[in-house]
S.K.: 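If you scroll down you'll find the structure; I have some questions about it.
Both counts, for ligands and for their atoms, begin at 1 and track the order of listing. All of these numbers come straight from a predicted model, not from anything done at the bench.
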Amino acid sequence: MSVLGLTCTRCGAQYSLEPMFFGCPACAAKSESGAAALTVAYDYQAIASDLNVEDWGRAGHGIWRFDALLPLRDKAAQISLGEGNTALMRPRAVCEATGLSNLYIKNETTNPTWAFKDRFHASSVSMARSLGYSRVTASTTGNHGASAAAYCAAAEMDSCIILCHPESSMLQRDMIALYGGHAFVLEDRFQYLDTLIREHGYYPSTTMTPMPTGTPFGIEGYKTIAFEIFVQLGGRVPDRMFCPIAAGDALYGPWKGFSELRALNLVDRHPVMHGVQPEGCNPYVQSFRQGRGDVIVHPDPSSIALSIRDDTGGPLALGAIYDSGGDATDVTEDEIIEAVRLLARSGYLVEPSSAASVAGAIKAARAGRLTSNDTVVCLVTGSGAKWPEVMAELADRDAPVEPSWDEIKARTGLVGDTS
Ligand SMILES: [Zn+2]
């Protein structure tokens, strides 16, 4: 059996692969330290002996072509909306602005709900089905909940309740409703989440950090980002990877994937991991600068990048940054907006949170910390199309005019005879 079970990320206690949504009981019993997150453990030697990496290169069935490294054992419970298989692309205008010819984006905006969250819920909701759940809940600023509702639709769940951040986009709430879920806007989402899980039999397709409440099975889906990059780079890993971080899953998930490639002896090195946050909400950056093992709580988070405006996060991403020799860095609102615009001028419409990774790479390049020999991958997590209000703020729309050739010529520089 290649899946060994669940293991505590703090004390190493091992548990069988069961619904455990409140972290490690052994750590929770020690009141001074509180609960700790669980993660799925595998027998890498057994997996390596059976693995045919050639299969990974073939286009196929969403994340499930990597099923040997996912927790679900019941193939009949696999759910896919065709997530993953996203392109690794050089964004022209960003490469020109940085002078880096080997800077790539992993373009997660082409997932079924236009966000990398689809990898999370493909793994997580499939596990819910396999474990016999018919009700699912999640907490969200937008992307996570919309994706959860889509996968609940695919899994024919009886009930899907999504607890939304007050500033979540109206379009994403509409998406949740169209997928058949219920979206409720709440300030204190944790209390409702807790009650739905403990008293009403809901499966939490969510992670809530630093409290380890939620599923350990979703992050497993994010590992497939690393596996795909490995295939796309011809069997190697990048030198550096920049990830936007909120709760930290977008960095820790790929990091776990890269670590597994090493455990399987497919590579002998790992990328340096850079976590990027907005200056107005940078708990990881402050914690990293102080050399802490835990993540502080930011008292007053503010940024245009709502999806990564969490006031705190979990220790796993911080540990991944230390272990990889990387750092946590912050970028200004102007730097995030510049990255949105450069990506758009490259042909990619992304939300500000996604552009934060690229903003971090641009900042590092300008500081002389990246060279053109470095293979750099920026994780671009979600589409700008789901944040129409934000896109409207950033677009320099031409003011409405009575169409005339004179007016068009004045605005665009068009010359020549147009009569
Ligand atoms: Zn423990």
S.K.: Taking NZ, NE, NH1 and NH2 as the nitrogens, is one of them in D239 or R269 under 4.0 Å from a carboxylate oxygen of the other?
M.R.: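 So D239 pairs with R269 through a salt bridge.
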S.K.: Report, as a single number, the protein N, O or S atoms less than 2.8 Å from the Zn ion (ligand 1).
M.R.: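 Every protein N, O or S atom under 2.8 Å from the Zn ion (ligand 1) counted, the figure is 4.
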S.K.: Relative to the ring of Y203, is the ring of F21 parallel (under 30°), tilted (30 to 60°) or perpendicular (over 60°)?
M.R.: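 F21 and Y203: perpendicular rings.
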S.K.: Does the distance from a Lys or Arg side-chain N to an Asp or Glu carboxylate O, for R236 and D268, drop under 4.0 Å?
M.R.: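 Salt bridge between R236 and D268, a charged N being under 4.0 Å from a carboxylate O: no.
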S.K.: Atom OH of Y222 and atom OG of S123: how far apart are they, to the nearest 0.5 Å?
M.R.: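 Spacing of OH (Y222) from OG (S123) equals 10.5 Å.
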S.K.: If only atom types and distance count, is the side chain of R90 paired as donor or acceptor with the main-chain N or O of L103 below 3.5 Å?
M.R.: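 No: the side chain of R90 does not pair with the backbone of L103.
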S.K.: Distance from E351 atom CD to T109 atom OG1, nearest 0.5 Å?
M.R.: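 Going from CD on E351 over to OG1 on T109, the span is 10.0 Å.
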